[in-house]
Engineer: 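There's a structure below that I have some questions on.
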Amino acid sequence: MERILVSACLMGRRVRFDGRAKTSDDELLARWREEGRLVPFCPEVEGGLPVPRPPAEIEGGVGGAAVLSGAARVLTAEGGDVTKAFLAGAYAALNVARSMGIRIAILKEGSPSCGSLRIYDGNFRGTAVPGQGVTAALLEAHGIAVFGEDRIGDAARRLADLESSAVPPA
Ligand code: SF4
């Protein structure tokens with residue numbers, strides 16, 4: 001059975017920076033949860049950050065790949081450098097995915113860790129820009145397909161492809 005890595009906040013865990021969850025009521029997620037497919041994971045908590053914690057953004061909104069290469073940092077609004085924790089969390093997510101043979105992840109859109117299509121621009125003004133978070137970028141660089149919570153239908157199609165062997169393992 002294909003397992004799916006999922007942002008823990010989407011599964012009701014109160015791990016966000018503000019101490020809240022972002023629980024998804026998606027029916028497919030509920031079904032997959034019953035099937036035992038879902039592996040909840042919070043990169044920021046696993047990277048050592050507390051709950052609650054100051055919000056953080058990737059400087060310049062340049063995306064997770066730049067953080068992975070050392071070209072950009074992840075900063076709080078006060079200028080605190082939390083890059084190390086974000087990197088640690090991303091690699092912890094990759095280790096979990098690899099150890100379980102996971103090839104699909106459903107991650108919270110917009111997060112500096114989990115965002116897959118958009119993040120924020122680094123100015124803490126709520127301005128979204130196209131880009132990926134640190135964990136999403138690392139997972140995709142290693143062949144894991146990442147979908148936001150608003151693209152669960154696409155994840156389902158990917159899952160069906162993998163389970164019918166229509167798409168060879170990455
Ligand atoms: Fe949710 Fe990801 Fe943020 Fe953790 S790092 S709270 S899983 S969006």
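Small disclaimer: the values here were computed from a predicted structure and weren't measured. Atoms within each ligand, like the ligands themselves, are counted from 1 in listed order.
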Engineer: Are Asp154 and Arg157 close enough for a salt bridge, meaning some N to O gap below 4.0 Å?
Structural biologist: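 A salt bridge is present here (some side-chain N lies under 4.0 Å from a carboxylate O).
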
Engineer: Please tell me whether Ser116 and Gln132 have a donor and an acceptor in their side chains that are separated by less than 3.5 angstrom.
Structural biologist: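 Per modelled atom types, Ser116 and Gln132 side chains form no pair under 3.5 Å.
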
Engineer: Examine Cys9 and say whether one of its N/O/S atoms is closer to atom 4 (Fe) of ligand 1 than 2.8 Å.
Structural biologist: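 Here the distance criterion (N, O or S atom, under 2.8 Å) is not met by Cys9, so no.
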
Engineer: Could you check whether any heavy atom of Phe41 sits closer than 4.0 Å to an atom of ligand 1, since that is the contact criterion I want to use?
Structural biologist: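 Under 4.0 Å: yes for Phe41.
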
Engineer: Please check if atom CZ in Arg33 has more than 12 non-hydrogen atoms from other residues, nucleotides or ligands closer than 6.0 Å.
Structural biologist: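 Check fails, neighbour count at 12 or below.
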
Engineer: Which of the atoms in ligand 1, numbered in the order shown and given with their element, are less than 4.0 Å from a heavy-atom of Ser111?
Structural biologist: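 Numbered from 1, ligand 1 contributes 3 (Fe), 8 (S).
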
Engineer: Is there a heavy atom of Glu109 sitting under 4.0 angstrom from any atom of ligand 1?
Structural biologist: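 It does not; every heavy atom stays at 4.0 Å or beyond.
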
Engineer: For atom NZ of Lys22, decide whether the heavy atoms of other residues, nucleotides or ligands shown that lie under 6.0 angstrom number more than 12.
Structural biologist: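 Result for NZ/Lys22: open.
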
Engineer: Of the protein's non-hydrogen atoms, which lies at the shortest distance from atom 4 (Fe) of ligand 1, and what is that distance?
Structural biologist: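 It is Cys42 SG, 2.4 Å.
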
Engineer: Run Val134 and Leu68 through side chain to side chain contact (heavy atoms under 4.5 Å, CB included) and show every step you take.
Structural biologist: CA-CA 7 Å; Val134 181; Leu68 292 167; 4.0 Å; yes

Engineer: Would you mind checking if Glu2 and Arg37 are paired as a salt bridge, meaning a charged N to carboxylate O distance below 4.0 Å?
Structural biologist: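 The answer is no: the pair does not qualify as a salt bridge.
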
Engineer: Can you establish whether the number of heavy atoms outside Asp18 located under 6.0 Å from its atom CG is more than 12?
Structural biologist: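 Yes, enclosed.
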
Engineer: If you count the atoms of ligand 1 from 1 in the order shown, which ones are under 4.0 Å from a heavy atom of Arg16?
Structural biologist: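 Ligand 1 atoms under the 4.0 Å threshold to Arg16: 6 (S).
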
Engineer: Any heavy-atom pair between the side chains of Val39 and Arg3 that's under 4.5 Å?
Structural biologist: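 Heavy-atom side-chain distance check passes, below 4.5 Å.
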
Engineer: Which protein heavy atom lies closest to atom 2 (Fe) of ligand 1, and at what distance to 0.1 Å?
Structural biologist: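 Result for atom 2 (Fe) of ligand 1: Cys114 SG, 2.3 Å.
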
Engineer: Check each atom of ligand 1 against the heavy atoms of Val15 and keep those under 4.0 Å away; list them by number with element.
Structural biologist: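 Taking each heavy atom of Val15 in turn, ligand 1 has 6 (S) under 4.0 Å.
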
Engineer: Under 3.5 Å, is there a donor-acceptor pair between the Asp81 and Thr83 side chains?
Structural biologist: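 A donor-acceptor contact under 3.5 Å links the two side chains.
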
Engineer: Does only the side chain of Ser7 get under 4.0 Å from ligand 1, or the backbone, or both, or neither? Count heavy atoms.
Structural biologist: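 Both backbone and side chain of Ser7 come within 4.0 Å of ligand 1.
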
Engineer: Check each heavy atom of Arg53 against ligand 1 and say whether those closer than 4.0 Å belong to the side chain, the backbone, both or neither.
Structural biologist: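 Just the side chain.
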
Engineer: At under 4.0 Å between heavy atoms, which part of Lys108 makes contact with ligand 1: side chain, backbone, both or neither?
Structural biologist: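 For Lys108, only side-chain atoms sit under 4.0 Å from ligand 1.
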
Engineer: Of all the atoms in ligand 1, which lie at a distance below 4.0 Å from a heavy atom belonging to Pro43?
Structural biologist: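 Under 4.0 Å from Pro43, ligand 1 has these atoms: 2 (Fe), 5 (S), 7 (S).
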
Engineer: Please identify which atoms of ligand 1 are closer than 4.0 Å to at least one heavy atom of Ala8.
Structural biologist: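 Once the distances to Ala8 are compared, the set is 7 (S).
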
